[in-house]
Amino acid sequence: MAEASKILCTSLIPRFPQNPSQNHRPSCPSLIYRPIHIRCSASTRVAVNRIIPWGCEIDSLENASALERWLSESGLPPQKMAIEKVEVGERGLVALKNIRKGEKLLFVPPPLVITADSEWTCPEAGAVLKGNSVPDWPLLATYLISEANARDSSRWKNYISALPRQPYSLLYWSQSELDMYLVASQIKERAIQRITDVTGTFKDLQLRIFSKYPNLFPEEVFNIDTFKWSFGILFSRLVRLPSMGEKVALVPLADMLNHSSEVETFLDYDKASEGIVFTTDRSYQPGEQVFISYGKKSSGELLLSYGFVPKEGANPNDSAELVLSLKKSDKCYREKREALLKHGLSTSQRFPLHITGWPLELMAFAYLVVSPPDMGRYFGEMAAASSNKSTSKKDCRYPEIEEQALQCILDCCEASISKYTKFLDEVGYLDLGVTSPKQVNRKLLLRQLAIDLCTSERRILFRSQYILRRRLRDMRTGELRALKILDGFRKLFK
């Protein structure tokens, strides 16, 4: 389903003008303490209210062919791959000839790549944004809309025409859809935060720039609907190029490559050929789809940015998030909270569970949750070990409360399993609430994505539950054996 490359983004989008030397720190103090919170509603859903007037259906080959012709006429070397309809990803790059393992492909020259330095069809608009020190992400989002609106005047018209009119993205899910289909998964909170960030980014730009230059940024073109489209494109297609000083870019044709968890190759700039390339880590026969890696991402992360979920068991990087929280009834709640705050942590933390185990930070946080008052001298140490930014010793152990810590994790794990099980048992009976064939198909797609995600995440929780139960059983069996031996000695001496 996804047509993208190895993505740069995190869930947080810079929403403020930045000084490049200050590492994305906001330079507008009046905005720092005024985050904008929204709810997804019909008014902010592209697919429902406004149809984006550019782009194409996500499986369109006609627009893709026009893109290939334009790239070839613009200097792209002959390719061993072409855009075709594929089983995984709607459209993808398919081998035209035998491709060897270790072969470099693509060679897209920098003039055919979109970056923050690209020339604007409307140079006045670009000058205004750059004059206000708008960061790369919002700058590129605005650039895409501006170039799309320029239509035939833009040199990127063939590229934009081949982009999906509605990218697969959680940005298009309404609040009710998130509540209905992601009720069990922690990815729901990240999806809400991402929508909030995108909307906040747009409102900041609208307030500080667009409203002041309506001739350059008319509201009928630069609105929340078009920004969701442009950010959907960026989330699914923007790449970081290490060999070009970590520059972020949109690379036409390359962003038609789909993801496979079985490959490790990714895009980068090749100084020798002066083009964007990737090196295959396997061979391909004519007619086979060629894949790259979008990074070591969980199924939830792939759904969040790219709108698809791998088949169950097909993603070795899969994980499920587990939430642990301090109890307000804890006699040492205030002291533990202060220890966590010193290390940038809150009283409720999310930790990734993998099929192979869980991070040391999770165990450290569980120790802190269950530790009694007489262990107060260790609160700071436990809090430090709970932070993945800490340089202190992470594998701290407290044998006297290890059983309680493991039980705490198991309780949270089983509570999560119950939520997943309840959803999967009831999802088949959820009322779609729509009548048109297009809406029904959309709801069925969302439901299947949710089923695939929840099945995958519950599988990891089941594995963690099994490991935790076994460890607790072994600990308790060992304790019982030790007590029996001690009792035997007592009887002997009597």
Side-chain angles (χ1 to χ4, degrees), residues 3-8 54-56 60-84 91-100 102-123 126 136 139-140 143-164 230 233-234 236-258 265-280 284 286 289-292:
E3 302 168 351
S5 302
K6 186 180 178 186
I7 194 168
L8 155 75
W54 47 75
C56 64
S60 171
L61 287 183
E62 180 181 353
N63 298 58
S65 297
L67 170 64
E68 289 177 305
R69 288 194 300 272
W70 172 73
L71 288 170
S72 178
E73 293 168 358
S74 301
L76 183 71
Q79 300 292 308
K80 288 189 174 183
M81 303 172 294
I83 304 172
E84 294 184 12
R91 296 180 296 186
L93 290 183
V94 172
L96 298 175
K97 303 177 181 179
N98 287 318
I99 296 174
R100 303 184 307 274
E103 188 171 353
K104 289 183 178 179
L105 299 175
L106 285 179
F107 301 98
V108 182
L112 294 179
V113 173
I114 295 177
T115 70
D117 300 323
S118 294
E119 292 184 6
W120 292 59
T121 301
C122 178
D136 286 354
L139 179 72
L140 285 169
Y143 179 81
L144 270 182
I145 298 169
S146 180
E147 295 302 305
N149 187 55
R151 305 297 177 98
D152 291 345
S153 300
S154 172
R155 72 178 298 246
W156 303 109
K157 65 175 183 177
N158 289 290
Y159 174 62
I160 291 169
S161 295
L163 293 174
S230 62
I233 296 297
L234 295 185
S236 61
R237 292 166 179 265
L238 200 66
V239 297
R240 181 194 292 271
L241 302 171
S243 298
M244 291 185 73
E246 303 297 326
K247 182 175 288 189
V248 293
L250 290 168
V251 187
L253 187 65
D255 58 10
M256 292 288 181
L257 285 160
N258 288 313
T265 186
F266 56 90
L267 297 174
D268 199 4
Y269 176 71
D270 180 58
K271 294 181 180 178
S273 61
E274 298 183 337
I276 311 300
V277 305
F278 73 100
T279 305
T280 59
Y284 294 94
Q289 184 177 182
V290 180
F291 294 98
I292 63 169

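This chain uses plain numbering: 1 for the first residue, then up along the sequence.
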Kindly list each side-chain donor-acceptor pair under 3.5 angstrom involving residues 65-72, sequence neighbours excluded, with atom names and distances?
{"from": "Ser65", "atom 1": "OG", "to": "Leu61", "atom 2": "O", "distance (Å)": "3.0"}
{"from": "Glu68", "atom 1": "OE2", "to": "Ile83", "atom 2": "N", "distance (Å)": "2.9"}
{"from": "Trp70", "atom 1": "NE1", "to": "Ser74", "atom 2": "OG", "distance (Å)": "3.2"}

Report task. Drop me the distance from Leu241's CG to Asp270's CG, to the nearest 0.5 angstrom. Result -> 12.0 Å
Requested in this report: Please lay out, stage by stage, how Met81 and Ile99 fare under the test side chain to side chain contact (heavy atoms under 4.5 Å, CB included).
Outcome: CA-CA 9 Å; Met81 303 172 294; Ile99 296 174; 4.1 Å; yes
Query - Results of side-chain hydrogen bond (donor to acceptor under 3.5 Å, both in side chains) for Thr121 - residues two or more places apart only - result: Glu147
**Report entry** Minimum heavy-atom distance Val290-Ala95, with the two atoms named
**Finding:** CG2-N, 4.0 Å
Query - NZ on Lys104 to OG1 on Thr279, rounded to 0.5 Å - result: 5.5 Å
Query raised in the report: For the residue pair Tyr159 and Arg237, what are the closest heavy atoms and their distance?
Result: OH-CD, 4.4 Å
**Report entry** side-chain hydrogen bond (donor to acceptor under 3.5 Å, both in side chains) partners of Thr265, counting only residues at least two apart
**Finding:** none
Query raised in the report: Any idea which heavy atoms bring Lys271 and Ser243 closest together, and the distance?
Result: CE-O, 3.9 Å
Query raised in the report: How far apart are the closest heavy atoms of Phe107 and Pro77, and which atoms are they?
Result: O-CD, 3.4 Å
Requested in this report: Show your working on side chain to side chain contact (heavy atoms under 4.5 Å, CB included) between Leu112 and Arg155 and close with a plain yes or no.
Outcome: CA-CA 10 Å; Leu112 294 179; Arg155 72 178 298 246; 3.9 Å; yes
Query raised in the report: Should we count CD of Glu103 as having more than 12 external heavy atoms under 6.0 Å?
Result: yes
Query raised in the report: Are Pro164 and Arg91 close enough that some pair of their side-chain heavy atoms sits under 4.5 Å apart?
Result: yes
Query raised in the report: Can you find a pair of side-chain heavy atoms, one from Leu106 and one from Val251, that are under 4.5 Å apart?
Result: no
Query - Polar side-chain atom of Tyr143 near backbone of Glu119 as donor-acceptor pair, under 3.5 Å - result: yes
**Report entry** Criterion side chain to side chain contact (heavy atoms under 4.5 Å, CB included) on Thr115 and Met244, from CA distance to verdict
**Finding:** CA-CA 11 Å; Thr115 70; Met244 291 185 73; 5.8 Å; no
Query - Between CG on residue Leu93 and CD on residue Glu84, distance to nearest 0.5 Å - result: 9.5 Å
Requested in this report: Find the distance between CD (Glu274) and OH (Tyr269) and round it off to the nearest 0.5 Å.
Outcome: 4.5 Å
Query raised in the report: Side chains of Ser161 and Asn63: do they bring a donor and an acceptor to under 3.5 Å?
Result: no
Report task. Applying side chain to side chain contact (heavy atoms under 4.5 Å, CB included), run through Ile292 and Phe266 and close with a yes or a no. Result -> CA-CA 6 Å; Ile292 63 169; Phe266 56 90; 5.6 Å; no
Query raised in the report: Can you check whether Asn98 reaches Pro286 side chain to side chain, under 4.5 Å on heavy atoms?
Result: yes
Query - Nearest atoms (heavy-atom pairs only) where Leu144 meets Ile233 - result: CD1-CG2, 3.8 Å
Report summary line: Between Val248 and Leu140 the two heavy atoms that sit nearest each other are CG2-CD1, 4.1 Å
Report task. Drop me the distance from Phe291's CZ to Leu257's CG, to the nearest 0.5 angstrom. Result -> 9.5 Å
Query - Nearest-0.5 Å distance that lies between atom CG in Leu234 and atom CD1 in Ile114 - result: 9.5 Å
